[in-house]
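Taking it in order: structure first as structure tokens, then the write-up.
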Amino acid sequence: MPGWKELLGGKGANLAQMARLGMLIPPGFTISTEVCTYFYQHNQKYPKELNFQIKSAIAMVEKSRKSKFGDVKNPLLLSVRSGARVSMPGMMDTVLNLGMNDEITKELAKTNSRFAWNSYWRFIFMFADVVMEAEKAELDKILNLIKKENGLIQDLELSAEDWKETTRRLKIKVKELTGREVPQNPWDQLLEAVGAVFKSWNTQRAITYRRLNKIPESWGTAVNVQSMAFGNLNDDSASGVGFTRNPSTGENKLFGEFLQKAQGEDVVAGIRTPNPISELKERFPKCFKELLLISKKLESYFKDMQDIEFTIENGKLWMLQTRTGKRTVQAAVKMALDMEREKLISKDEAVLRISPNSIESFFRPSFGTKVKKEVLAKGLATSPGAAVGEVVFDPKEAEKLVEEDIKVILVRDETSPDDIHGMAVSEGILTARGGMTSHAALVARGMGKPCIVGCEAMKVDYKKEQFSVGGKIVKKGDKISIDGTNGNVIFGEVPTVLPEASGDLEKILKWADEARTLKVYANADTPLQAEQARKFGAEGIGLCRTEHMFFEKDRIEIFQQMILGKDKSERERSLEKIIVLQKGDFTEIFEAMRGLPVIIRLLDPPLHEFLPKKDTDIKRISQKLSISFEELKVRIEGLRELNPMLGHRGCRLGITFPEIYQAQVRAIAEALCDVSQKSRIKLFPKIMIPLVMEVEEFKIIRDLIDEVFSEVRKNRKIKINYKIGTMIELPRAAIVAGEIAKEAEFFSFGTNDLTQTTLGISRDDAGRFLPLYLEKKIFKDDPFVSIDEKGVGELIKIGKERGRAKRKDLEVGICGEHGGDPSSIEFCSKVGLNYVSCSPFRVPVARLAAGQAVLKGKK
Ligand code: ADP
Ligand code: MG
Ligand code: MG
């Protein structure tokens with residue numbers, strides 16, 4: 001229902017919805033997010049009427065469950081659960097069996113002693129952990145010790161007496177750790193637990209999760225107070241989790257796990273290895289059938305795959321939660337196509353279902369089938385992809401190593417929300433315990449990282465910083481490879497290969513292509529990149545940077561000799577050699593793009609970037625140029641700039657050293673002649689002049705280009721067409737765009753430089769303060785990732801409008817890093833640009849984002 005999520009949080013709203021759909025859920029009520037907001041706005045005080053309202057709500061629950069909160073003979077027991085608007089996995093904690101105390105437990109024990117003491121132990125443990133903030137590892141020690149003393153391994157083996165003893169010792173431990181006891185009065189328990197949920201909204205890990213996921217602080221969390229369904233009651237009881245379809249492959253089949261005689265998070269915590277849900281069919285046939293029906297019903301209501309939690313108490317199925325499930329991108333694509341076929345969703349909706357950024361992983365490398373691999377161990381493949389890195393056990397250390405550019409695989413017994421930082425930077429995640437629905441699996445899938453869980457042959461030793469498997473010891477720092485597609489853990493570094501295109505994804509992309517108005521070009525500097533870009537669906541090259549062609553080993557030296565030449569004639573001599581090389585590059589690029597538009601940018605970076613830095617290099621070049629080492633050093637010094645980004649670069653080079661641009665243009669023109677002679681493909685070359693701020697600059701370079709072309713045409717007697725345009729990457733250029741457009745045939749907003757020059761921030765130096773700017777919310781997003789719409793975006797609009805006013809058919813696009821960023825692409829589509837250009841790997845992302853931009857507008 002509209003508005004429910006905002007008010008009741010995701011969990012509360014969906015519980016209410018399931019009740020409306022006629023499913024059996026434990027009666028309860030939700031304290032709304034408004035209370036949380038009030039709480040934080042009023043110095044952590046509750047609204048006056050809250051106590052009274054809770055009391056009357058409890059009375060209603062008592063009535064429907066025919067029991068009484070705090071009653072010794074027939075007690076109502078509660079679950080207190082947090083729930084924000086969007087699911088924040090594991091961020092908030094739940095307290096179960098609330099309402100128990102010594103007296104009630106003793107009374108309950110008269111009918112089912114194991115159940116009573118097990119439940120009481122759970123309550124004390126959760127209350128101490130969540131509400132009283134006792135250290136969990138310390139609390140864990142009690143149960144572990146009892147097991148050890150009695151030679152037991154699994155929780156299930158503990159008798160009623162064992163649980164009683166565990167509880168007794170746990171209570172002592174809690175007192176020791178916190179200085180007080182878990183309250184005996186159920187009402188005190190309830191109010192304290194509710195308060196703890198509200199406070200947990202502001203724990204560090206919740207704040208971190210919100211920052212990573214852009215969830216506003218102001219939303220607040222709701223608290224769900226619900227009567228209990230007991231999965232730990234007896235052998236006819238169980239607790240389970242599931243997905244209405246397979247979240248890893250997308251297969252349309254109920255998927256999940258359950259544990260008999262278990263409660264709460266036992267299934268996902270990796271305490272015992274759970275049974276696959278298919279076994280529910282044999283063990284609880286009636287519940288299984290019901291669950292299938294509920295699954296279908298939920299999907300047809302929510303129009304999406306659901307992640308569900310359920311508990312069976314004495315053979316009766318209770319639903320505890322439903323939410324739209326996380327999935328791998330492979331599964332997302334399959335589900336979107338299937339659901340469109342099942343008429344659950346429309347074609348447009350299917351396109352909108354896929355997050356553009358996530359599909360990059362389709363093009364992620366895999367280990368391929370060719371190389372021989374020595375498989376060390378096998379676990380559950382929970383998030384596909386291949387990852388290679390050094391073994392690290394500590395999430396904090398993972399962060400440190402990654403900062404030093406070392407790739408790591410995080411290896412844990414199991415993960416918890418505190419590990420998210422470390423998981424986010426790792427190449428992949430490997431855990432010894434846990435099932436398909438464990439924390440590690442869920443989070444890794446969300447992050448699109450390769451992950452293997454439940455690799456039980458592996459024994460992790462945190463102290464020694466190593467794990468052993470079948471007699472082999474793997475130490476911290478050793479390289480391993482993990483394959484999230486089949487669960488293989490391999491010792492050493494396995495080489496990776498690039499994947500083939502996916503037919504399913506291509507279908508979604510075709511639908512996006514049908515919708516979009518933006519063209520998608522690629523930034524490609526080499527024939528290989530051009531080839532790749534075309535394979536991914538690029539409709540042209542929006543930016544071919546010519547300087548990159550000079551960085552290769554054999555070429556840089558010629559280029560260095562050119563820059564350092566004494567005079568024009570010396571420079572020209574080196575340029576002759578460069579023309580030959582560049583002509584070869586351009587020929588290959590034109591051939592690879594088979595007649596698609598190619599926008600070539602003339603030399604842009606400050607010359608000193610190419611200069612030799614080491615004395616040995618300087619010496620070698622001085623010999624080649626036959627000048628002294630000292631003299632060469634002086635020349636290099638002369639080319640140094642204090643602020644090269646705003647210095648001698650872009651078209652300023654073409655004006656001061658026309659011979660450089662002439663040489664480049666000649667290489668382009670000659671290549672064009674060669675290719676069109678050889679293949680008769682019609683070619684659409686466009687030459688782009690960088691860093692123009694004034695139309696007079698443009699005119700000078702344009703004349704230079706025209707002159708070279710007419711000369712080549714005359715020599716080769718071939719008619720070749722070309723267009724000349726400019727980058728708009730300085731605020732002034734955007735403002736005088738009208739004048740420039742009278743001369744230029746196209747504009748390409750270079751949003752990297754335009755962002756730097758508009759904000760006055762050098763991207764290379766922004767690391768010192770930009771993170772703090774984001775933290776303090778001075779900027780909502782990193783302006784080098786997503787276009788700063790208010791500033792840079794406004795300049796783009798101005799530039800486009802003024803340009804088009806003077807030249808109706810002016811082609812306008814962007815070619816900065818932003819060209820592959822979905823939100824920036826949406827902006828470009830809205831503003832009415834003609835194209836975006838991005839790196840080859842981002843082309844599919846851009847196609848999808850551009851399609852979605854139009855479909856969102858339609859919605
Ligand atoms: P999370 O936000 O981590 O999903 P939940 O509120 O869903 O936390 O609670 C965790 C687990 O506690 C659930 O998966 C479920 O097994 C158990 N649980 C919650 N409420 C109840 C209840 N009313 N009866 C029985 N078990 C419950
Ligand atoms: Mg949880
Ligand atoms: Mg849950």
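All ligand and atom numbering here is 1-based and tracks the order in the structure. Note that this is a predicted model, so its numbers are computed, not measured.
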What are the two closest non-hydrogen atoms of Leu410 and Ser426, and how far apart are they? CB-OG, 3.5 Å
Within 45° of the axis and under 6.0 Å from the centre of the six-membered ring of Trp187, does NZ or CZ of Lys55 qualify? yes
Looking only at N/O atoms, are Ser82 and ligand 1 under 3.5 Å apart anywhere? no
Say whether Gln321, considering both its backbone and side-chain N or O atoms, lies within less than 3.5 Å of an N or O atom on ligand 1. yes
Non-hydrogen atom of Lys11 closer than 4.0 Å to ligand 1: yes
I'd like to know whether ligand 1 has Ser227 as a neighbour, heavy-atom separation below 4.0 Å. yes
Residues which pass ring-ring contact (aromatic ring centres under 6.0 Å, His included) with Trp163, listed by chain and number, not counting sequence neighbours: Trp121
Glu265 neighbourhood, listing ligand 1 atoms whose heavy-atom distance to it stays under 4.0 Å: 3 (O), 10 (C), 11 (C)
Proximal atoms of ligand 1 relative to Arg81 (non-hydrogen, under 4.0 Å): 5 (P), 6 (O), 7 (O), 9 (O), 19 (C), 20 (N)
Within the distance-only criterion (no hydrogens, no angle test), does the side chain of Arg245 pair as donor or acceptor with the backbone N or O of Ala331 below 3.5 angstrom? no
Between Asp236 and Arg283 (salt bridge meaning N to carboxylate O under 4.0 Å), is one present in this structure? yes
Counting each atom of ligand 1 from 1 as listed, which ones have a heavy atom of Leu96 under 4.0 Å away? 12 (O), 17 (C), 18 (N), 19 (C), 20 (N), 21 (C), 27 (C)
Minimum heavy-atom separation for Ile215 and Tyr209, please, with both atom names. CD1-CE2, 3.9 Å
Test of understanding: with side-chain hydrogen bond (donor to acceptor under 3.5 Å, both in side chains), list the residues that count as partners of Glu165, not counting sequence neighbours. Arg168, Arg169
Could you tell me whether some N/O pair between Ala229 and ligand 1 is separated by less than 3.5 angstrom? yes
I need the contact type for Glu309 against ligand 1. Using non-hydrogen atoms and a strict under-4.0 Å cut-off, is it side chain, backbone, both or neither? side chain
Gln321 backbone or side-chain N/O/S under 2.8 Å from the Mg ion (ligand 3): yes
For N/O/S atoms only: which one belongs to Glu309 and is nearest the Mg ion (ligand 3)? OE2
Between Gln263 and ligand 1, is there a nitrogen or oxygen pair with a distance under 3.5 Å? no
Within this structure, what is the CD1-CD distance for the pair Ile312 and Glu290, rounded to the nearest 0.5 Å? 9.0 Å
